[in-house]
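All values below come from the heavy atoms of this structure, side chains included, with hydrogens, waters and symmetry mates left out. Each chain gets a letter, A, B and so on, in the order the sequences are listed, and its residues count up from 1.
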Amino acid sequence: MAIYPLKETKSPPQSQIKAVVWLKENLFSSALNIALTFVALYLIYLLLPPILNWTIFNANFDLAADNQSCGREGACWAFINSNLKMFIYGFYPQEELWRVNTMFGIIVALVVFGSLIKESQYRAHYIIGSFLIYPVIAFFLLHGGLGLEVVETDKWGGLTLTVVVAAVGIVASFPLGILFALGRQSEMRIVKFISVIYIEFVRGVPLITILFMASVVLPLFFSAGMDFDKLLRALIGITLFQTAYIAEVIRGGLQAIPKGQYEAADASGLSFMQKTVLIILPQALKISIPNIVGSFIALFKDTTLVLIIGLFDMLAIVGAATSNSSWLGREAEGYVFVAMVIWVILYSMSRYSKKLETRFSTEHK
Amino acid sequence: MSELTNKEIDKKGCCDIIEINGLNKWYGDFHALKSIDLKVKEGEIIVVCGPSGSGKSTLIRCVNFLEKFQEGSIIVDGTELTDDVKKIRQIRSEVSMVFQHFNLFPHLNIIDNLTLAPIWVHNKTKQKAREKALQLLDRVGIKDQANKYPNQLSGGQQQRVAIARALCTSPKIMLFDEPTSALDPEMISEVLDVMVDLAKEGITMVCVTHEMGFAKKVADRIIFMDEGQIVEENDSDAFFDNPESDRLRLFLDQILSQ
C-alpha cells in the first residue's frame, strides 16, 4: 500500500522568446511547411512590389489632376475624387443629396442610441420599432413625396443603391426565411409542401435568372399601364431569392435543437407560438448566426448583379464613370476603390457577427 | 396482497387523480404498452421500475401527452386526455415533469428558466413569479446561482433547478423520468434528498427510477413493469420482501446485488 501526499500546483514553464516559438510552430514545423513558407515568400516578392508601386509609390495623389497630367505608370486617385459623388449617390440630383445623407445619418444615430441603451428593458421595443418605422422614413427621404420632390428610382445609384438593395434584401428575407424554415418543419402537410416546393425551386435557380424573370418576363403578365418600378421588381426578386437561403440556414439551426427542449417546453404547457418564440427560435437563431451573416455577405456581393437589368450599383458606376471621355481607361482605379469599400463593409459585418456570437454565448459568462 | 395495497392507498386522499384504463401504445409495429390499468390517488407516491425498454418512461410520458397513444383512456384530475389542444395544455399546466437530461433552457438564466411557465402559462406577474422562484431555489439549495446559466452548473445542481422549475407552477402532479440516471454518482444523493423532501409534502408523485433505496423510503406503491405491461405492484415493504413473480425476483436480484 502506498499513500501519496497532495502535490503543489505550479505555473506552466515559461517558453523561450515567443516570436521564435511562433515561427517554429507555424512556418517551419515540417519539411512541407518549410517549402510552402518559401513558396509563399517568393509569391509575395513577385506580387507585392508591383501592387505597392501602382497604388502608392508611382501613383498620383494630386486630387486636382486630370487624366492627361496623371500619367500611366501608377494609379490616378484624382479619378476617384472627381467621381466620388457618383460612386456614392449615383445620378441622384445634386440639390437633393442632403436627403441621402440624412437617411444614412439616421441609421448611424439609431445604432449609436441603441448601443447606449443596452441595459434598458425597452431595448427590444426600440429595435423592433426601428425596424418597422425606419424603412418608411428612408423610403420617404429617398423617393420623396409629401412636399419633397420625387426622385425616380432610375436616378438612384452607387453605394446608396447597393446599400438599399442589400438592406431591403436582408431585412425582408429574415422574417420570411424564419416563416419558411418553420413551415418546412411543420406537421401540417400543406404548409410543409408549399415551403419545400418554394425553397427547393428558388435554390435551384441562379439569382441572375430570377432578376431577368423579374425585369423581363414579369412585365409581360401586366398590362402596359400596370408596369411597376424596375428597382421594386429587383428588390422583390432578391428578397424571394434570399428568403430561400435564409430559410435553409435557419432550418439547420432548428434541427440542432435537442428534442428535450421541445419536450420541456411542451410539458410546461407553453402553446406552440410561445414554444417557438421563447424557446426554440432564440436558440436556433443563435446557432445560425455565422451562417446567416455568411448568407447576408453573399447577398451583398450578389447585389452587383442588378447591373444586368440596368440598375447602377456601385460597381456599375465604374463603367459609367470611365465611359466619360475625360476619364477613359481608369477602370483599374475604380474597381480597386469599389473592392476596398465593399471589403470594409463586409469585414465589418463579419466582425459584428463574431461579436454577436460572443454576446449570446451562455457557456462561459 | 391486494388488501394490503388498498389499505395503504386509503391512508391517502380520497380520489383518483390519475386514472389510466386499457392503455395501449405502439411504435410502428412494436407494442410498447400493453393494456395498462393504473389508478393513482391524490398525494400518492408511486415508483415505477423495471428493466430498460419495459415501457416505464413511455407510460408516464403518456400522462402529459408527450407520447400519443392509440387505445385506452387517461383521465387526469377529471379531464380526459384527447387530441384537443386546450385540454392537453390544461393538463400540462397541472402536471410537471422532471427529465433524465434536465432539459433546462440553455439560453435563459436560472431565474428565467423558473419564471417562464408561471408568467406565460399561468399569467403570474413577473414580480410574483420571481419571488416564488427564489423561494424554491432556496429550498433546493441553490439560491446563489439564480443569475447563472444552466451550462455553468453541475449536473446535480441542474437537476435541482429542473425540480424547482417543475414546482414553480404549483402542480398537482409531479412526473419524474429517471431523474438521477444521467448524474455522476456523487451527485445522486443531493437530488434524491430534494425528492424525499418533496414526497413528505403530500404532492402526487410518479417516479420512474432505479433508486431502490429511494423507493423503499418514500413510495406508497411500487410498480414493476416488463415488456410493456405491469407485472406486479405492491406496497414498498412487500415489494422487496415478498416478490411474487419470477421476473421481479430476477430483477431485484440483479439490481440489489450491485
Side-chain angles (χ1 to χ4, degrees), chain A residues 118-125 127 178 182 186-189 191 250 252-292 353 355-365, chain B residues 57 60-61 63-68 85-110 112-123 126 147-153 158 161-162 165-169 171 173-177 182:
Chain A
K118 242 175 203 150
E119 304 299 324
S120 164
Q121 54 174 325
Y122 296 111
R123 186 149 194 269
H125 301 87
I127 291 174
I178 291 176
L182 291 172
S186 172
E187 281 169 19
M188 284 180 277
R189 293 254 172 102
V191 174
I250 292 174
L254 287 173
Q255 278 175 340
I257 307 299
K259 207 169 137 231
Q261 292 292 309
Y262 290 88
E263 289 180 349
D266 281 337
S268 20
L270 295 174
S271 69
F272 175 80
M273 272 301 276
Q274 291 170 335
K275 174 176 71 175
T276 307
V277 173
L278 297 170
I279 306 297
I280 305 303
L281 275 182
Q283 297 185 56
L285 293 180
K286 191 178 97 181
I287 308 174
S288 318
I289 289 173
N291 289 333
I292 292 174
S353 129
K355 224 179 104 185
L356 277 183
E357 275 175 69
T358 333
R359 204 174 98 214
F360 290 139
S361 163
T362 54
E363 296 285 335
H364 308 285
K365 240 180 200 170
Chain B
S57 287
I60 69 162
R61 288 157 59 87
V63 174
N64 63 355
F65 216 64
L66 284 185
E67 299 283 353
K68 287 180 181 169
V85 180
K86 265 190 188 160
K87 279 189 180 165
I88 293 172
R89 282 193 70 197
Q90 192 208 324
I91 286 174
R92 282 173 177 170
S93 71
E94 292 178 19
V95 180
S96 284
M97 188 171 225
V98 176
F99 298 87
Q100 180 178 2
H101 296 287
F102 330 136
N103 295 353
L104 296 175
F105 305 128
H107 62 300
L108 300 176
N109 64 18
I110 302 303
D112 288 342
N113 261 280
L114 264 68
T115 55
L116 190 86
I119 291 172
W120 293 93
V121 181
H122 299 260
N123 301 318
K126 229 177 176 177
N147 291 315
K148 287 200 177 164
Y149 284 83
N151 290 334
Q152 297 168 308
L153 305 187
Q158 289 194 48
V161 170
R165 176 176 73 176
L167 288 170
C168 240
T169 52
I173 302 166
M174 289 275 282
L175 305 173
F176 291 85
D177 188 2

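- Of the two parts of B/Leu104, only the backbone, made up of N, CA, C and O, holds a non-hydrogen atom closer than 4.5 Å to a non-hydrogen atom of chain A.
- Listed here is the closest heavy atom pair of B/Arg92 and A/Asp266: CD-O, 3.0 Å.
- Formation of a donor-acceptor pair under 3.5 Å by the B/His107 side chain with backbone atoms of A/Phe360 is not found in this model.
- Considering every non-hydrogen atom in both A/Ala264 and B/Phe105, the closest pair reads CB-CE2, 3.9 Å.
- Heavy atoms closer than 4.5 Å to chain B are found in both the backbone and the side chain of A/Gln261.
- Residues satisfying the side-chain hydrogen bond (donor to acceptor under 3.5 Å, both in side chains) test with B/Thr169, not counting sequence neighbours, are B/Ser96.
- Evaluation of the salt bridge (charged side-chain N to carboxylate O under 4.0 Å, His left out) rule for A/Lys259 yields A/Glu263 as partners, not counting sequence neighbours.
- The distance from atom CG of B/Asn103 to atom CD1 of A/Ile279, rounded to the nearest 0.5 Å, is 11.0 Å.
- Inter-residue side-chain proximity for B/Leu116 and A/Leu270 is flagged as met; some heavy-atom pair is nearer than 4.5 Å.
- Considering all non-hydrogen atoms of both residues, B/Arg89 and A/Ser271 come closest at NH1-CB, 3.3 Å.
- Heavy atoms closer than 4.5 Å to chain A are found nowhere in B/Val98, neither backbone nor side chain.
- In the displayed structure, A/Tyr262 atom OH is contacted under 6.0 Å by more than 12 heavy atoms of other residues, nucleotides or ligands.
- The two residues B/Asn64 and A/Ala267 make their nearest non-hydrogen contact at ND2-CB, 3.7 Å.
- Interface check for chain A: of the options B/Phe99, B/Trp120, B/Phe102, the most heavy-atom pairs under 4.5 Å are formed by B/Trp120.
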